[in-house]
Amino acid sequence: MLDGALPALAFLLAGAVITAAGIVLLRLSGAEVGIGRRLGAAREVPVAELVDAADLPTRPIRVAGRVRCADPLHTAEGERLVAFQRDVEVRLPDGRWRSIERLRETRSFELWDHGGSLAIDPAEARDPLIVIPHVWRGGTDELQEPHRSAVARLSARGGAPREARSTSRQLSVTDRLLVLARADRGPDGQVILRPSAGGYLISALAIPDAMRLLGGAHRRLLGAGIAALGLGVLLVSAALIVGLGRLLLS
């Protein structure tokens with residue numbers, strides 16, 4: 001009895017180990033597999049089509065349109081934005097990165113095309129925005145206030161950080177956006193957008209570019225992770241089939 005179960009157990013153990021390895025590889029790749037799947041698999045609908053729809057989709061959809069905002073954020077460089085995110089971190093002597101700033105500024109806007117418009121509050125978006133990030137790295141001596149004071153406080157607690165990095169993301173009034181959201185009707189019967197699970201997914205990139213960004217920086221690790229997951233699931237399935245077959249024959 002035990003000898004007959006050994007092949008199924010071997011397949012099951014191998015499948016579990018390979019699946020676990022695949023999950024580790026996906027995490028190391030930096031890929032946002034779940035977000036990419038949700039954004040890429042959703043049906044894309046222009047604003048005009050959604051506004052005029054008699055029946056609304058029951059699943060989250062990818063709504064496409066441009067930005068219109070009466071009161072945007074204004075940067076020192078003269079840019080007009082509806083969302084700005086900045087994360088500043090310093091590297092501690094033990095190698096860990098420590099956040100010293102997490103800035104989030106937003107303005108509500110309309111997602112529109114020539115057939116209509118729908119209100120969006122980017123404060124309800126899932127973090128981070130799906131845009132090309134602006135990344136800076138350098139020494140902590142290059143930081144300005146209030147970051148210098150934060151570094152001084154960390155240094156006083158033991159060990160001065162030497163390395164810093166800043167990652168900024170933004171949505172401009174000139175962007176064409178894709179927004180993953182749920183379509184609903186307000187009290188007046190008009191179509192409105194509500195955040196999908198975890199918040200709106202907002203992308204300023206076309207789907208192919210968004211998928212490349214969400215794929216992470218280490219594409220080979222991503223490919224290896226996906227292959228390992230597929231093989232692991234196959235082996236686990238084989239183990240279950242073999243085990244079930246022996247159970248029915250016994």
Side-chain angles (χ1 to χ4, degrees), residues 27-32 35-36 39 66-111 119-180 195 198-206 209-219 221-222:
R27 290 180 177 176
L28 291 175
S29 74
E32 296 283 359
I35 293 177
L39 185 67
R66 306 202 73 89
V67 175
R68 183 165 62 189
C69 180
D71 181 31
L73 300 164
H74 293 270
T75 70
E77 293 76 23
E79 295 178 287
R80 296 177 298 150
L81 310 177
V82 293
F84 179 76
Q85 300 178 344
R86 183 172 64 210
D87 294 280
V88 181
E89 300 171 292
V90 294
R91 194 166 197 168
L92 301 177
D94 62 6
R96 291 181 298 116
W97 286 95
R98 172 73 175 268
S99 174
I100 59 174
E101 182 184 61
R102 185 177 183 277
L103 179 65
R104 301 291 185 269
E105 294 186 76
T106 61
R107 289 285 191 274
S108 295
F109 64 90
E110 291 180 317
L111 191 68
I120 297 285
D121 182 359
E124 297 184 83
R126 185 187 178 106
D127 195 35
L129 301 169
I130 305 172
V131 300
I132 300 297
H134 301 277
V135 181
W136 171 86
R137 295 186 75 142
T140 53
D141 56 341
E142 300 177 65
L143 296 174
Q144 304 296 321
E145 291 295 351
H147 305 130
R148 281 183 177 272
S149 297
V151 170
R153 288 193 295 271
L154 288 174
S155 300
R157 296 173 188 171
R162 298 297 183 188
E163 188 178 357
R165 66 185 180 190
S166 172
T167 304
S168 301
R169 297 175 175 86
Q170 62 188 45
L171 297 177
S172 169
V173 296
T174 61
D175 285 333
R176 180 185 184 275
L177 303 182
L178 300 173
V179 180
L180 187 72
Y200 295 116
L201 291 181
I202 303 181
S203 173
L205 303 174
D209 296 327
M211 294 300 104
R212 281 191 287 270
L213 180 68
L214 293 169
H218 306 287
R219 301 294 175 80
L221 289 179
L222 173 61

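For the pair Leu177 and Ile120, the minimum side-chain heavy-atom distance is 4.5 Å or more. Using a 4.5 Å heavy-atom cutoff, the side chains of Leu39 and Met211 are in contact. Contact check for Leu81 versus Pro72: no side-chain heavy atoms found under the 4.5 Å cut-off. A heavy-atom distance below 4.5 Å is not found between the side chains of Trp97 and Asp87. A heavy-atom distance below 4.5 Å is not found between the side chains of Asp175 and Val131. Residues Ile35 and Arg126 meet the side-chain proximity criterion, which asks for heavy atoms closer than 4.5 Å. Between Pro122 and Tyr200 there is no side-chain heavy-atom pair separated by less than 4.5 Å. The shortest side-chain heavy-atom distance between Pro133 and Arg169 falls under the 4.5 Å cut-off.
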Checklist line | Pair Val173-Val82, side-chain contact (heavy atoms from CB on, under 4.5 Å): steps then yes or no | finding: CA-CA 7 Å; Val173 296; Val82 293; 4.2 Å; yes
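For CZ of Arg137, the number of neighbouring non-hydrogen atoms (other residues, nucleotides, ligands) closer than 6.0 Å is greater than 12. Around atom CZ of Arg80, no more than 12 heavy atoms belonging to other residues, nucleotides or ligands sit under 6.0 Å away. The neighbour count for Arg98 CZ, taken as heavy atoms of other residues, nucleotides or ligands under 6.0 Å away, does not exceed 12.
Minimum interatomic distance between Cys69 and Ser108 (heavy atoms only, all atoms of both residues): SG-O, 3.5 Å. Residues Leu143 and Ala164 approach most closely at CD1-CB, 3.9 Å, considering heavy atoms.
Rounding to the nearest 0.5 angstrom, the gap separating the CD1 atom in Ile132 from the CG atom in Leu213 is 5.0 Å. Note that CZ of Arg91 and CD of Glu163 are 5.5 Å apart. Values are rounded to the nearest 0.5 Å. Rounding to the nearest 0.5 Å gives a distance of 9.0 Å between CG of Asp121 and CZ of Phe109. Taking CG of Leu201 as the reference point, atom CG of Asp127 lies at 11.5 Å (rounded to 0.5 Å). In this structure, the separation between CH2 on Trp136 and OG1 on Thr167 is 10.5 Å, given to the nearest 0.5 Å.
In this structure, the side chain of Arg107 engages the main chain of Asp71 through a donor-acceptor pair within 3.5 Å. Arg104 contributes no side-chain N or O that, together with a main-chain N or O of Gln85, makes up a donor-acceptor pair within less than 3.5 Å.
For Glu101, the side-chain contact (heavy atoms from CB on, under 4.5 Å) partners at least two apart in sequence or on another chain are Arg86, Val88, Leu103, His147.
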